[in-house]
Amino acid sequence: MKISAHPLVVAAALGLLGPAALTEDDRMDELAGTWSVDDPDAPAPAELDPALDLGPTLEVIPVEDRVLIDIPSQGSLSWSRDGEVAAFQELMLNGAHITRSLAVEGDALRLRTVVERGGERHAHERLYSRVV
């Protein structure tokens with residue numbers, strides 16, 4: 001089997017470059033950049049269900065029709081693009097159906113997470129601000 005990939009993607013995958021090297025022009029993409037929770041003292045939703053939270057900071061890296069979400073505590077996650085200002089992820093994890101969406105709203109990034117497990121549905125929203 002032969003796989004074709006851009007050399008920068010291969011270099012980033014091998015750890016030779018940081019994921020930020022994959023973006024050509026961060027200023028052209030509203031999602032791109034490092035984001036931090038607006039209220040770090042707010043109770044973490046992970047106390048309810050760990051699948052609800054992505055942590056206090058995350059880096060959004062656009063790569064064509066996808067975005068990589070680099071989270072220090074979890075590694076990199078691949079999400080589908082929904083235009084220039086939104087992305088989403090849908091997955092099954094440990095018997096739970098998890099739907100996440102990110103959307104830029106003015107100067108904020110809104111994370112919406114819905115976890116359905118065992119007939120129960122939990123939803124949570126968290127706001128992030130861009131780190132400059």
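G55 approaches V37 most closely through the heavy-atom pair O-CG2, 3.8 Å. Residues R121 and E116 come closest through the heavy atom pair CG-CG, 3.9 Å. Looking at every heavy atom in both residues, V104 comes nearest to L31 through CG2-CD2, 3.8 Å.
If you check the side chains of T34 and R130, you find no donor sitting under 3.5 Å from an acceptor.
L102 places none of its side-chain heavy atoms less than 4.5 Å from the side chain of V67. Between R66 and S80, some side-chain heavy-atom pair lies under the 4.5 Å cut-off.
Under the 4.5 Å side-chain heavy-atom criterion for grouping Ile, Leu, Val, Met, Phe, Trp and Tyr, W35 is connected to L77 within one hydrophobic cluster. Residues L91 and F88 fall into different hydrophobic clusters, defined by Ile, Leu, Val, Met, Phe, Trp and Tyr side chains chained together at heavy-atom separations under 4.5 Å. Neither V114 nor L111 shares a network with the other; the hydrophobic side chains, linked directly or stepwise wherever heavy atoms of I, L, V, M, F, W or Y lie under 4.5 Å apart, form separate groups for each. When the side chains of ILVMFWY residues are joined at heavy-atom separations under 4.5 Å, either directly or via intervening members, I61 and V131 end up in two distinct hydrophobic clusters. Grouping the Ile, Leu, Val, Met, Phe, Trp and Tyr side chains by contacts below 4.5 angstrom, directly or via other members, places L127 apart from V85.
Remark: T99 engages no residue in a side chain to side chain donor-acceptor pair (under 3.5 Å) (not counting sequence neighbours). For T57, the side-chain contact (heavy atoms from CB on, under 4.5 Å) criterion is met by S36, P72, not counting sequence neighbours. E120 meets the side chain to side chain donor-acceptor pair (under 3.5 Å) test with H122; sequence neighbours excluded. Residues meeting the side chain to side chain donor-acceptor pair (under 3.5 Å) test with R110, sequence neighbours left out: E105, E125.
If you take CG on L54 and NE2 on H124, they are separated by 9.5 Å, rounding to the nearest 0.5 Å. A distance of 6.0 Å separates CD1 of I69 from CG of L58, quoted to the nearest 0.5 Å.
For the side-chain contact (heavy atoms from CB on, under 4.5 Å) test with T113, the passing option among R126, R100, Q89 is R100; the others fail.
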